[in-house]
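Notes to accompany the following structure.
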Amino acid sequence: MAVTQLKPKGNMSEAEWQTRCDLAALYRILARFRMTDFIYTHLSARVPGEEGTFLLNEYGEPFDKVTASSLVKLDFDGNVIGDGEFNQAGFTIHSAVLMARPDVNAVTHVHTRASVAVSAQKRGLLPISQQAMIVLGHVSYHDYEGVALDLDERERLGADLGDKRAMILRNHGLLTAAETIPAAWQLLYWLDCACQIQIDAMAGGSELIKLPMDIADGMMERYKQKTGHGEREWKAVLQMLDGENYAR
Ligand SMILES: [Zn+2]
């Protein structure tokens with residue numbers, strides 16, 4: 001937490017700078033947890049107080065090198081505000097969610113091995129672990145259409161997400177969408193854990209015990225009654241990154 005936070009440059013708002021620092025931290029923590037797919041996949045955050053702008057990584061920058069300043073700011077038409085290059089599929093996916101869901105301010109998208117494996121299984125995420133029960137109520141599905149370069153897919157991505165906070169992109173990976181960066185990280189962490197457990201459990205070859213869905217429903221109800229999702233976890237994230245100067 002003892003990160004040297006330089007003040008925002010030029011006329012950038014304090015809120016944008018804080019969001020940039022948190023999003024840079026999120027990129028780095030994904031690198032720590034080995035949840036990256038080299039330079040592919042992306043995490044985004046809406047710029048607070050602005051209409052229709054968001055932050056995405058500079059295409060090609062390793063996740064463990066992302067800084068507050070290296071993030072690229074763009075609008076929903078794909079215009080870069082300032083400079084930088086972004087991944088086109090990332091633009092399609094993240095703008096789709098942010099346009100469809102005004103309540104969402106942070107979006108994650110990963111291609112971890114276990115999540116792609118589960119996304120390729122017809123039955124999707126199974127109710128076989130505590131981790132799965134925590135996230136199952138949040139999960140929707142979106143069918144694969146190829147690398148997301150076609151902007152028409154934005155409508156279907158938004159429609160398939162509906163009012164959920166997580167989506168298994170079939171044959172592709174995971175997406176989480178939440179009000180805050182800590183909440184999006186928390187859901188991503190649990191969802192990816194649930195996928196890893198499912199693949200390990202199935203590889204074990206023994207018959208699996210399926211848990212009743214009313215447990216997942218109960219967890220979902222408790223989630224709705226709480227606020228500040230992921231904040232405790234986020235404090236731990238920032239401690240793990242102590243000494244890394246991403247806030248520059
Ligand atoms: Zn992807």
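Since the model is a prediction, treat every value here as computed from it, not as a measurement. Remember, it's 1-based here, ligands and their atoms both numbered in the order they're listed.
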Taking Thr108 for its side chain and Leu175 for its backbone only, find out whether a donor-acceptor pair lies under 3.5 Å.
no

Testing the 3.5 Å rule here: is there a donor-acceptor pair between the side chains of His172 and His142?
no

Evaluate the ring planes of Trp185 and Tyr189, with Trp represented by its six-membered ring, and classify them as parallel (under 30°), tilted (30 to 60°) or perpendicular (over 60°).
tilted

Protein N, O or S atoms lying under 2.8 Å from the Zn ion (ligand 1), listed by chain and number:
His109 NE2, His111 NE2, His172 NE2

With distance as the sole criterion, is a donor-acceptor pair present between the side chains of Asn87 and Tyr40 under 3.5 Å?
no

Can you see whether Ser70 engages Glu61 through a side-chain donor-acceptor pair at a distance of less than 3.5 angstrom?
yes

By side chain to side chain donor-acceptor pair (under 3.5 Å), which residues pair with Gln121, not counting sequence neighbours?
Gln198

